[in-house]
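Residue numbering restarts at 1 for every chain, and letters A, B, ... go by the order of the sequence lines.
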Amino acid sequence: MPELPEVETIRSLLAGKLRGKTIREVTARPGDRVFRDTVSVARLKRALTGRKIEGLGRRGKYLVFALDSGDFLVIHLGMTGVLYLLKPGEPGPEHTHLRLALDKNDLVFVDPRTFGRVMLASPGKLDEVPGLRDLGPEPLDDSFTAEVLAAGLRGRKSPVKSLLLSQKPVAGLGNIYADEACFRAGIDPLRHGGELKPAEVEALCASIREVLAESIACKGTTIRDYRWDQGKSGEFAARLQVYGRTGERCPRCGEKIKRAMLGGRSAHFCRNCQR
DNA sequence: GGGATTTCCTGTTGGC
DNA sequence: TGCCAACAGGAAATCC
């Protein structure tokens, strides 16, 4: 499931291959769920056909394609979305929702569960795209500090992990890295966000940055669906300390890892190390 | 407005 | 072996 490290891995892999390429043809099915009501296929084709890709950026878990028209193509991979390049004419796999024929190959967006989405933003209006609008700070930017995180948690009664998943105090964390960051910071994910002490917020801020940077260096985490270059797996799965390790021993104290349900999601943590 | 819950979706897994 | 229910989860919608 692509979170910030997986999206960043895909971005850095594709950026060099896409920069300067022209979109010759757009193939998509009108009414496809990945477009929701945000953009019609007709408008997407008008906006993309003949345009040059000037760069591929990322905001949180969103991939942002900058076009020479000033427009932006925005893709969220959801849970099972993948982007990759095919040879021209090579058939796309099942669940291909968007295909961009470029100069020498085709970029395809494949997503079986259709939790992903494809959007379009006009010049200067990237911040108005649903999802990007209320997105918190980038965790790996210098501007993301303990003070900034504290401001996002202040007064909040939701569990700290739920707040992290909301993308508002900070962008880019999903279930895996929210669990891992809480573990590294020694914070019980069920505690109210607003009750964390300054030293705890500082530890959480540092843990978020650390776990994301480490995972990017490992090309992300592959549990099941996520793959990066030509089907390669992300190597961070071997370094997970609590996520998906219910009943196993805590690597720090030996206590059994617990699992709790939090708003319909599973949270993994050590009762002894996380308070 | 905040917080909790539900919904969307399909491939995989576990139980019977 | 085969069927079916449960489960996985990001983000938006809905309810209280």
Do the side-chain N or O atoms of A:Gln167 get closer than 4.0 angstrom to the phosphate oxygens (OP1, OP2) of C:dA11?
yes
Which nucleotide in C:dG10, C:dA8, C:dA12 has an atom nearest any side-chain atom of A:Met261
C:dA8
More 5' along DNA chain B: A:Thr114 or A:Gly264, using each one's nearest nucleotide?
A:Gly264
Atom NE2 of A:His268 and atom C1' of C:dG9 are separated, to the nearest Å, by 12 Å
Round to the nearest Å and state the distance from A:Leu262 atom CG to C:dA11 atom C1'.
16 Å
Among C:dA11, B:dA4, B:dC9, which nucleotide has an atom closest to any side-chain atom of A:His76?
C:dA11
Check the distance between B:dC9's P and A:Arg113's CZ and give it to me in whole angstrom.
13 Å
Taking the inter-plane angle between the rings of A:Tyr62 and A:His76 on a 0 to 90° scale, is it parallel (under 30°), tilted (30 to 60°) or perpendicular (over 60°)?
perpendicular
Quick one: which of B:dG3, C:dG9, C:dG10 gets closest to the side chain of A:Glu3?
C:dG10
Can a side chain N or O of A:Tyr243 be found less than 4.0 Å away from OP1 or OP2 on C:dG9?
yes
Taking 4.0 Å as the cut-off, does a side-chain nitrogen or oxygen of A:Lys157 come that near to OP1 or OP2 on B:dA4?
no
Nearest-0.5 Å distance, CZ of residue A:Arg191 to CG of residue A:Leu196:
5.0 Å
Roughly, in whole Å, what's the span from CZ in A:Arg265 to C1' in B:dT5?
12 Å
Whole Å only: how far is the CD1 atom of A:Ile75 from the P atom of C:dA11?
15 Å
From the set B:dG3, B:dT10, C:dG9, return the single nucleotide nearest to any side-chain atom of A:Ser266.
C:dG9
With the side chain of A:Ser158 defined as its heavy atoms from C-beta on, choose the nearest nucleotide among C:dA11, B:dA4, B:dC9.
B:dA4
Out of B:dT10, B:dC9, C:dC7, minimum distance to the side chain of A:His95 belongs to B:dT10
Rounding to a whole Å, what distance do you find between A:Phe115:CZ and C:dA13:P?
14 Å
Flag, side chain of A:Asp111 to backbone of A:Phe115, donor-acceptor distance under 3.5 Å:
yes
Round to a whole Å and report the spacing from CZ of A:Arg36 to P of B:dC9.
9 Å
Using modelled atom types and a 3.5 Å cut-off, is there a donor and acceptor pairing between side-chain atoms of A:Glu3 and backbone atoms of A:Ile176?
yes
Measure from the side-chain heavy atoms of A:Pro112 and tell me the nearest of B:dG11, C:dA12, B:dC8.
B:dG11
NZ/NE/NH1/NH2 to OD/OE distance under 4.0 Å, A:Glu214 and A:Arg184
yes
Is the cationic atom of A:Arg252 (NZ for Lys, CZ for Arg) positioned less than 6.0 Å from the six-membered ring centroid of A:Phe183 and within 45 degrees of its normal?
yes
Taking only the side-chain nitrogens and oxygens of A:Arg156, find out if one of them lies under 4.0 Å from OP1 or OP2 of B:dG3.
yes
Quick check: any donor-acceptor pair below 3.5 Å linking the side-chain of A:Arg117 to the base of C:dA11?
no
Rounding to an integer number of Å, can you tell me how far A:Leu163 CG sits from B:dG3 P?
7 Å
